[in-house]
Number of protein chains: 2
Amino acid sequence: MVNGQLTVDAKLAKRVRDAIREMGYLPNLQARALGSGRSRVLGLIISELTNPFYPELVRSFEDLAETSDFEIMLGSVIHKNDEHLNRFVRRLVQRRVEGVAVMTFRADWDYLHELILHNIPLVTIDAAAPRARCLVVEVDYRSGIDQAIQHLALLGHRRIAFVSGPLQHFTNQARRDAFLDSVRKVGLRAKDTPVYEGDHTFEAGAAAIGHFLSLRDRPTAILSSNDLTAVGVLRGLSERRMQVPEEISVIGFDDIHMAEFAHPPLSTVRMSREDLAAAAFQGLMRLTQHSSPYAPEPIRVKTQLVVRQSTGPQTNAVTAKADSARRTGTAAACSGE
Amino acid sequence: MVNGQLTVDAKLAKRVRDAIREMGYLPNLQARALGSGRSRVLGLIISELTNPFYPELVRSFEDLAETSDFEIMLGSVIHKNDEHLNRFVRRLVQRRVEGVAVMTFRADWDYLHELILHNIPLVTIDAAAPRARCLVVEVDYRSGIDQAIQHLALLGHRRIAFVSGPLQHFTNQARRDAFLDSVRKVGLRAKDTPVYEGDHTFEAGAAAIGHFLSLRDRPTAILSSNDLTAVGVLRGLSERRMQVPEEISVIGFDDIHMAEFAHPPLSTVRMSREDLAAAAFQGLMRLTQHSSPYAPEPIRVKTQLVVRQSTGPQTNAVTAKADSARRTGTAAACSGE
DNA sequence: TTGTATGCGTTATCAG
DNA sequence: CTGATAACGCATACAA
């Protein structure tokens with residue numbers, strides 16, 4: 001009866017339900033878990049909460065989990081030593097999580113061996129752990145980065161720099177490769193598309209801009225591998241009294257909330273946290289529901305350029321003459337965009 | 001034996017332990033919880049993760065919890081409707097949490113009634129829910145705000161404005177009252193200490209500065225009730241091409257990580273997340289350990305001024321003449337500080 | 001359909 | 001101090 005079937009008198013049912021409510025009864029979920037063999041707990045591993053990208057991802061994931069009556073155990077990778085991390089993973093299996101989403105944009109998952117050992121469903125980003133019950137969310141960096149480079153090319157930029165994250169991580173290589181491909185596609189050469197390897201922090205942006213401005217041929221536009229660093233770039237430029245976008249254009253990647261309120265508001269390639277969270281959650285559900293195939297088809301997530309005010313037509317004095325005619329044309333095209 | 005007593009042969013013990021490890025055995029915590037009646041789960045309720053203050057608090061609390069083998073269930077209050085919130089609280093009791101820390105800086109805890117009903121230990125900030133097994137963490141706003149005002153007074157500021165959070169919340173009243181008291185203490189009058197009621201967002205800072213600059217007697221220094229808003233103030237000032245601290249001084253409150261990297265680096269009153277987390281956690285432990293008294297003595301957390309570069313001597317042209325002699329004196333005092 | 005017994009993996013209790 | 005056994009609170013499968 002309690003489970004919703006109305007075979008008894010409706011009035012009696014109501015009385016019982018009221019009694020339950022009055023006594024404040026709520027089922028004990030750990031007992032339920034033990035009985036059913038399903039904990040209704042999911043693990044979520046992120047890089048770190050102090051990177052504003054992740055709270056938004058976490059929130060979306062939590063919302064999804066909540067509507068499906070799942071709890072989530074949150075763990076972050078950065079600023080935790082291996083010992084910390086191993087303990088977290090051990091706790092995940094001790095709580096008998098039904099699956100874990102590893103949303104860290106890196107492929108060093110040695111610390112996940114305990115999960116693999118216990119055959120716990122896993123969803124990862126960009127690259128899959130080679131095992132059963134694992135599913136990849138493939139982020140399509142090319143779509144958004146292509147748009148960004150084409151946008152800059154249309155604005156007349158011929159020297160475009162890139163600030164990458166640590167290249168030891170597969171995902172950062174993917175972003176850089178997407179950049180290099182895009183930039184070749186619009187006909188730019190290697191010497192005009194320098195890459196600086198940062199570490200995705202705010203501070204890295206300032207360092208990168210220092211590097212690029214010391215170059216013989218300064219870039220007229222900079223694409224950063226994430227927004228936090230792009231804001232650092234903006235800040236470094238501001239300290240040097242350089243105007244954005246008049247003197248130099250900047251595009252970020254991620255589209256964190258802060259991007260909109262940067263100075264000037266940052267044009268950026270949006271990687272939707274909602275999409276990412278939804279992909280991860282659905283992946284987990286897919287993995288737990290039926291006995292799934294060894295390597296299910298990956299879930300793809302697109303990226304997309306968001307134009308704000310940190311990008312403008314190329315107007316560098318040195319190259320101004322040569323590109324003059326072309327520039328006015330593209331500027332017009334831009335305004336109509 | 002497994003529990004660490006060495007009554008049997010050490011070599012045998014090692015073999016058993018190795019066997020356990022090889023089989024990948026880990027105890028089932030939900031079974032343990034059921035048997036022992038202790039879930040080893042704590043609830044942590046915050047305002048919202050997108051306010052950078054809270055991730056740092058969460059991290060500290062998590063570290064404490066982890067070293068004591070507790071799991072935490074995290075919930076945020078903002079951007080969740082009451083239905084959401086009630087469901088979260090219900091889940092807390094369904095998971096049989098051993099206590100919950102309510103770190104939201106507001107006193108509207110209607111949504112906590114389910115916890116009270118189930119007699120779950122509660123730690124709150126600033127104001128206590130009127131019930132047993134509840135403990136308050138009292139933040140001493142006065143200490144830090146006094147330091148801030150004295151600092152500004154020493155720098156020669158005579159018109160100091162305040163941007164408060166929503167005054168419907170007790171805690172924001174406490175901060176404002178601390179401001180008003182401090183400002184009276186250094187001899188300033190009401191008309192020279194205007195208060196603008198914001199909502200603790202970035203945007204509120206820009207709005208506040210718009211308001212203050214429209215005043216007949218513009219303040220020469222602004223104290224904000226939190227850092228996010230203070231950064232908004234900085235941004236609003238920058239858009240109006242006003243120099244900080246040359247034309248106007250700004251002090252924040254919280255000391256979030258971002259404060260250090262604001263432009264210029266923000267002087268602020270630090271409310272230590274570590275202290276807050278430690279107080280909350282210890283409070284919870286105190287409440288769960290022994291059967292504690294109805295209203296245990298509150299735990300106090302101090303605040304403290306951190307001087308960076310957003311504060312400087314008062315140099316407003318209009319008042320410069322009158323205060324001239326005094327200023328040079330205080331400026332000297334300041335440089336020696 | 002509805003009630004009843006058994007299992008889930010641990011802790012705790014109580015004999016031995 | 002050790003070893004068996006009854007809870008713990010629910011799900012589930014089976015009997016009525």
Side-chain angles (χ1 to χ4, degrees), chain A residues 1-17 19-43 68-71 73 87 89-99 114-115 117-121 288-291, chain B residues 1-17 19-43 68-71 73 87 89-99 114-115 117-121 288-291:
Chain A
M1 191 282 280
V2 177
N3 302 313
Q5 295 152 46
L6 298 176
T7 52
V8 289
D9 182 50
K11 235 156 64 188
L12 176 61
K14 185 184 178 342
R15 275 185 55 197
V16 173
R17 223 176 297 275
I20 290 178
R21 155 158 300 162
E22 264 176 56
M23 302 186 58
Y25 168 80
L26 285 176
N28 181 330
L29 289 193
Q30 44 219 28
R32 175 175 291 180
L34 204 56
S36 68
R38 306 203 51 189
S39 65
R40 302 210 78 82
V41 177
L42 257 25
S68 298
D69 277 309
F70 277 93
E71 218 57 60
M73 279 177 65
R87 298 218 309 201
V89 169
R90 209 172 309 139
R91 274 154 53 210
L92 285 177
V93 357
Q94 289 188 152
R95 297 276 176 192
R96 300 297 187 264
V97 292
E98 299 187 36
E114 201 104 45
L115 297 177
L117 199 71
H118 288 263
N119 198 34
I120 294 173
T288 54
Q289 298 274 322
H290 350 269
S291 59
Chain B
M1 190 282 280
V2 177
N3 303 314
Q5 295 152 46
L6 299 175
T7 51
V8 288
D9 180 50
K11 235 160 59 192
L12 175 62
K14 186 186 179 337
R15 276 185 56 196
V16 173
R17 223 178 296 276
I20 291 179
R21 156 158 299 165
E22 263 177 56
M23 303 187 56
Y25 167 80
L26 286 175
N28 182 328
L29 289 193
Q30 44 218 29
R32 175 175 291 179
L34 203 56
S36 68
R38 305 203 54 189
S39 65
R40 302 210 77 81
V41 177
L42 257 25
S68 298
D69 277 308
F70 276 94
E71 218 57 60
M73 279 178 64
R87 297 218 309 201
V89 169
R90 210 172 309 138
R91 274 154 53 208
L92 286 177
V93 358
Q94 288 188 154
R95 296 276 176 190
R96 300 298 187 263
V97 292
E98 298 187 36
E114 201 105 44
L115 298 177
L117 199 71
H118 287 263
N119 198 35
I120 293 174
T288 54
Q289 298 274 323
H290 350 268
S291 58

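Numbers restart at 1 for each chain; the letters A, B, ... are given by sequence-line order, proteins then strands.
When the P atom of C/dT11 is taken as reference, atom CZ of B/Arg40 falls 11 Å away, rounded to whole Å. Separating the NE2 atom of B/His118 from the C1' atom of D/dG9 is a distance of 15 Å, rounded to the nearest angstrom. Summarising the geometry, the separation between CZ on A/Arg38 and C1' on D/dC10 is reported as 15 Å, rounded to the nearest angstrom. Taking atom CZ on B/Arg96 and atom P on D/dG9, their separation rounds to 8 Å, with Å as the unit. As a whole-Å value, the separation of A/Asn28 CG from D/dA11 P is 10 Å. Between B/Leu34 atom CG and D/dG9 atom P there is a gap of 7 Å when expressed in whole angstrom units. Between the CG atom of A/Leu29 and the C1' atom of C/dC8 there is a distance of 15 Å, given to the nearest Å. Nucleotide C/dT11 holds its C1' atom 16 Å from the CG atom of B/Asp69, rounded to whole Å.
Under 4.0 angstrom from either OP1 or OP2 of D/dA11 there lies at least one side-chain N or O belonging to A/Arg32.
Among the nucleotides C/dT10, C/dT11, D/dC10, the one closest to any side-chain atom of B/Ala31 is C/dT10. Of the candidates D/dT12, D/dG9, C/dT11, D/dT12 carries the atom nearest the A/Ser36 side chain, counting heavy atoms from C-beta on. For B/Tyr25, taking side-chain heavy atoms from C-beta onward, the closest of the listed nucleotides C/dT10, C/dT11, D/dC10 is C/dT10.
When side chains are defined from C-beta on, A/Arg95 counts as touching B/Val41, because their heavy atoms get closer than 4.5 Å.
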query: Are B/Leu115 and B/Leu92 close enough, and set up right, to give a side chain to side chain contact (heavy atoms under 4.5 Å, CB included), and what steps lead you there?
result: CA-CA 8 Å; B/Leu115 298 177; B/Leu92 286 177; 4.2 Å; yes

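In plain terms, the two heavy atoms of A/Ser39 and A/Val97 that are nearest each other are OG-CA, 3.8 Å.
Judged as a salt bridge (charged side-chain N to carboxylate O under 4.0 Å, His left out), the pairs with a partner in residues 25-41 of chain B (not counting sequence neighbours) are, in order, B/Arg38-B/Glu98.
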